[in-house]
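Chain A is the first sequence line, chain B the second, and so forth, proteins listed ahead of strands; every chain is numbered from 1.
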Amino acid sequence: MSELTENAFMEKIVSLCKRRGFIFQSSEIYGGINGFWDFGPLGAELRKNIRDCWWNDMVRSRDDVVGLESAIIMHPKVWEASGHVAGFNDPMVDCKVSKQRFRADQLFFAAVIVDGKAAGYVSALESEKTAEELQEKAETFKRKKALAGKLEPVQARDFTQAKPDEIPLIPSPATGEAGSLTAPRAFNMMLQTWVGALRDESSIAYLRPETAQGMFVDFKAVVDTGRVKIPFGVAQIGKSFRNEITPRNFIFRSREFEQMEMEYFISDEDDWAKWHRYWIDWCRNWLVSVGIPAAKLSEYNHPREKLSHYSKGTTDIMFQFPFGAQELWGIAARGNYDLSQHAKFSGVAMEYFDDAARRRFVPHVVEPAVGVDRIMLAILCSAYAEDEAPDEKGKMESRVVLRFAPRIAPVKAAIFPLLKNKPELVAKAKEVRDLLRPHLNVFYDEAGAIGRRYRRQDEIGTPFGVTVDFDTLGEKGDELRDTVTVRDRDTMKQERMKISKLLEFLLSKIH
RNA sequence: GCGGGCGUAGUUCAAUGGUAGAACGGCAGCCUUCCAAGCUGCACACGAGGGUUCGAUUCCCUUCGCCCGCUCCA
């Protein structure tokens, strides 16, 4: 696809999601708020299905994974231990001309002083020889300006020490020209609030930027009570918050999002790479099981030099979004960094005692982390299709259809009376609805021509349409009495079956 | 956060310095024996705030939001 059609494709997804009640801009009546989304009736169903599938497959179907729901707001020290507080408080400086951004404490500058008078400023980024670089730049500066006199040795300072009246005079390391640098600003990606009656430094708390820390902080509690044996995992689904500078690409990057994370604890002597691979494969298979085509998935291994010092390896499962291949699921081997950090900060030993080996150790961890929102978007992008369907007169017309995997579809089956002005059809159709409703999310619709009703369901991805017609009532004899037609969303083919077989049939297709 | 583009019914679009139309969609009714049929009726919009003006959806400013490109993504 060309760039234009990729963008057009996204716009179709966005407007379908709005039109059919999957996704709304948050607070729309007040003009909206950037980076937050609401999920309408069908969106809420779709997300519930995503969460339920994950939870069933990740937790309930396994002997070695247990669930957890930790609080969104935790003790502020959690985020000091995890590194989020320090990592988020770096003051940053923007160059308005080059659009580059620098950490203020890594951007150095010095006044050029000739014969005791300040002639201007030079700047350089932190390196092994920042001082020499500044000295050389000062000499070049003096030569270019043809200044006579004695150049004093430069005194390097970092940008956090720049006085407000100096900032406009300091050249950008990117352009060499002064006047384009902003004052240092702190970019703290954590949303914060105050807990309790007082609003001061001591009452600051953060909305979690990831759910993972809950599993680490509660590690001992789970081990002591959960009857778990290494290797084992702790899984959690929940909202997380990051004050993203640029939320973009619909729900791909937002400020409030929902994560599904699992920390798989293994022995420090176990082969982490084996488990890393195991979970990458598990995640890929799971994605395929919810209807994401394997052909749109790829893997990206983070290069060693870019990994955090504690990380042994991180692999992202990438999905080919309309706006490019982007991270969908990150599988990180985090060593024992997190547990060790919490042991250090809390003073509580984060160890596991291996009864068989009579040995105590800090487990290592492999973490598959994914967002409900990104999976939802990947599913929507994978499912969207336009094909041809015949109209009443047999003429081909284009049809919009969401080809959701049945297990993920918000509505599993729609129930229709062929005509709504025939009370017998309506009554029978409602009977069928009531038969299925305790087991499946079904939708009853009698408004409009039957073809229109099929199309409406196509657009929201309902895999099956069940129609009650005159044959159901026995118009053509007992052979067909109490049979209905079941129409397949993708093939548009119909199959007639006994109402008594209907539930069994649908369940077999859906699970 | 920076630069560019854009904000009109649910959606996709039109028109206009004198307070807005269409198509599709929605709802109700009639009709209709399987793929968006037809007829009738109904509801629904100028993102927000300020300014200029006798009068602003239209011009200007601000703001919010969306899209694109940078940046960011620990």
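One C1' atom belongs to B/U62, the other to B/G25, and the distance between them is 36 Å to the nearest Å. Remark: the separation of the C1' atoms in B/A48 and B/A56 is 15 Å, to the nearest Å. Taking atom C1' in both B/G10 and B/A45, one finds a spacing of 10 Å when rounded to whole Å. A gap of 34 Å separates the C1' atoms of B/C13 and B/U71, to the nearest Å. Annotation: B/A37 and B/C31 have their C1' atoms spaced 11 Å apart (nearest Å). Taking the P atoms as reference points, B/U57 lies 15 Å from B/U8, given to the whole Å. With both ends at atom C1', the span from B/U58 to B/C67 equals 23 Å, rounded to whole Å. Straight-line distance between the C1' atoms of B/G3 and B/C42: roughly 47 Å, to the nearest whole Å.
As rounded to whole Å, 9 Å separates atom C1' of B/C73 from atom CZ of A/Arg374. Atom C1' of nucleotide B/U33 and atom CG of A/Leu418 are separated by 5 Å, given to the nearest angstrom. The CD1 atom of A/Ile13 sits 13 Å away from the P atom of B/U12 (whole-angstrom rounding). If you measure from atom CG of A/Leu425 to atom P of B/U32, you get 13 Å, rounded to the nearest angstrom. Note: CD (A/Glu28) to P (B/G10) measures 9 Å, nearest angstrom. Distance CG (A/Leu480) to P (B/C34): 15 Å, rounded to an integer number of Å. Atom pair A/Gln494:CD and B/U33:P shows a separation of 16 Å (rounding to whole Å applied).
Of the two residues contacting RNA chain B, namely A/Phe250 and A/Arg253, the nearest-nucleotide position lying further toward the 5' end is that of A/Phe250. Between A/Val400 and A/Glu11, the residue anchored closer to the 5' end of RNA chain B is A/Val400, taking for each the nucleotide with the nearest heavy atom.
Phosphate proximity of B/C66 to A/Asn34: present, with a side-chain N or O under 4.0 Å from OP1 or OP2. Put simply, A/Arg456 has no side-chain N or O that comes within less than 4.0 Å of OP1 or OP2 on B/C24. Considering only side-chain N and O atoms, A/Arg452 lies nowhere under 4.0 angstrom from the phosphate OP1 or OP2 of B/U32. Residue A/Arg19 places none of its side-chain N or O atoms closer than 4.0 Å to OP1 or OP2 of B/U11. For the OP1/OP2 pair of B/G29 and a distance below 4.0 Å, the side-chain nitrogens and oxygens of A/Lys420 include at least one atom meeting the criterion.
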Open item on the list: One pair to check against ring pair (Phe, Tyr, Trp, His ring centres under 6.0 Å): A/Phe250 and A/Phe252. What are the steps and the verdict?
Closed with: CA-CA 6 Å; A/Phe250 202 26; A/Phe252 180 80; over 10 Å; no
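The residue from A/Arg51, A/Lys48, A/Arg208 that alone fulfils the salt bridge (charged side-chain N to carboxylate O under 4.0 Å, His left out) condition with A/Glu258 is A/Arg51. None of A/Thr314, A/Thr315, A/Asp316 except one satisfies the side-chain hydrogen bond (donor to acceptor under 3.5 Å, both in side chains) rule with A/Asn301; the exception is A/Thr315.
In this structure, B/C6 forms a base pair with B/G65, meeting either the Watson-Crick or the G-U wobble geometry with both donor-acceptor distances under 3.5 Å.
Proximity of a side-chain donor or acceptor of A/Ser254 to a complementary backbone N or O of A/Glu256 within less than 3.5 Å is detected.
Between A/Lys476 and A/Asp469, none of the side-chain N atoms (NZ, or NE/NH1/NH2) sits under 4.0 Å from a carboxylate O, so this pair counts as no salt bridge.
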